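Counting convention: from 1, in listed order, for ligands and their atoms alike. Quick caveat: nothing in here was measured; it's all calculated off a predicted structure.
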Amino acid sequence: MTTPDMVADFPLVTRFAPSPTGLLHLGHALSAMLGWRLARAGGGRWLVRMEDIDTARCRPEHEAAILEDLAWLGLAPDGPVWRQSERAEAYGAALDKLRALGLIYACQCTRGDIAAAAAAPHGPEGPLYPGTCRSLGLVEGAWRIDAARAAAIAGPLFRHDRTGSTRGVDPLALGDFVVARRGLGTSYHLAVVVDDAAQGVSLVVRGEDLDEATHAQRLLQAVLGLPAPRYLHHPLLCGADGKRLAKRDASASLAALRAAGMTAEACRAQLDESLVAYGFRFS
Ligand code: GLU
């Protein structure tokens, strides 16, 4: 299947894809602002997508608060807000395609089983799946991709960054990652590639904590025949303790900063300052 990548270069479409599991903090706002500024500077569009497949953790009130924070910052999406919870059909079709290609298998291992497999090599998201269920022919459970088989049919893979440089992808970086969680019909990686393609996203702007995910997502795009967006992974904002901001750092939430009297203008100025410090320039 070694065909040149269809790099989705034009038009410029970026997206902000929060999971509504809590309040937005300054780090999320930085990501949103960077995508928005790049879209504005390049005459493109900036979209918002709620990554709410995990119905146990996602809440409508978090979604409402995120949209309120974005509006407060003055970041209005250039199109309707998408919700992954409404896209099961599209994910099902992609999963069927992977199944028809013979690339997925059901797995009934628990996290504990995987952690206990002493020989399991580690990837960025923890121990790589040791392949226990790969040839058992199970028909239910979580669905995993057979990454080596997918890599063999995909051929050499590349990822393309915003500035035009290209580097190789390691299709085995996340091992046989999950493409459909038990009972959900999809996973983060599958939903993201299906939606990025369906929304015409040509530049994925997100934090560098998701850099490794790009390997898995490029593999999925290749076997599903989806275009390759460009990627920009920005540094993560850190708190006073030097650790990256997390949803539990309530004091860095936009809601808390607002309640403490910060104006939207001051918040935007602070975010712009961080972006400049990271080397971004907007004309
Ligand atoms: N939903 C993910 C998050 O909130 C972002 C995923 C992405 O940008 O691909 O961390």
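The cationic group of Arg99 lies under 6.0 Å from the six-membered ring centre of Trp143 and within 45° of the ring axis, placing it in a cation-pi geometry. Cation-pi geometry between Arg40 and Phe282 is not met at under 6.0 angstrom from the ring centre and within 45 degrees of the axis.
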What side-chain donor-acceptor pairs closer than 3.5 Å can you find for residues 197-205, not counting sequence neighbours?
| unit_1 | atom_1 | unit_2 | atom_2 | d |
| --- | --- | --- | --- | --- |
| Gln199 | OE1 | Arg49 | NH1 | 3.0 |
| Ser202 | OG | Pro11 | O | 2.8 |
| Ser202 | OG | Val13 | N | 2.8 |

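One finds the CZ atom of Arg167 at 7.5 Å from the CG atom of Asp161 (value rounded to the nearest 0.5 Å). Rounding to the nearest 0.5 Å gives a distance of 11.5 Å between CD of Glu51 and OG of Ser85.
Annotation: ligand 1 has protein neighbours Arg15, Ala17, Pro18, Ser19, Glu51, Tyr188, Arg206, Leu210, each with a heavy atom less than 4.0 angstrom from the ligand.
Side-chain contact check for Asp195 and Tyr91: at least one donor-acceptor pair (N or O, by modelled atom type) lies under 3.5 Å.
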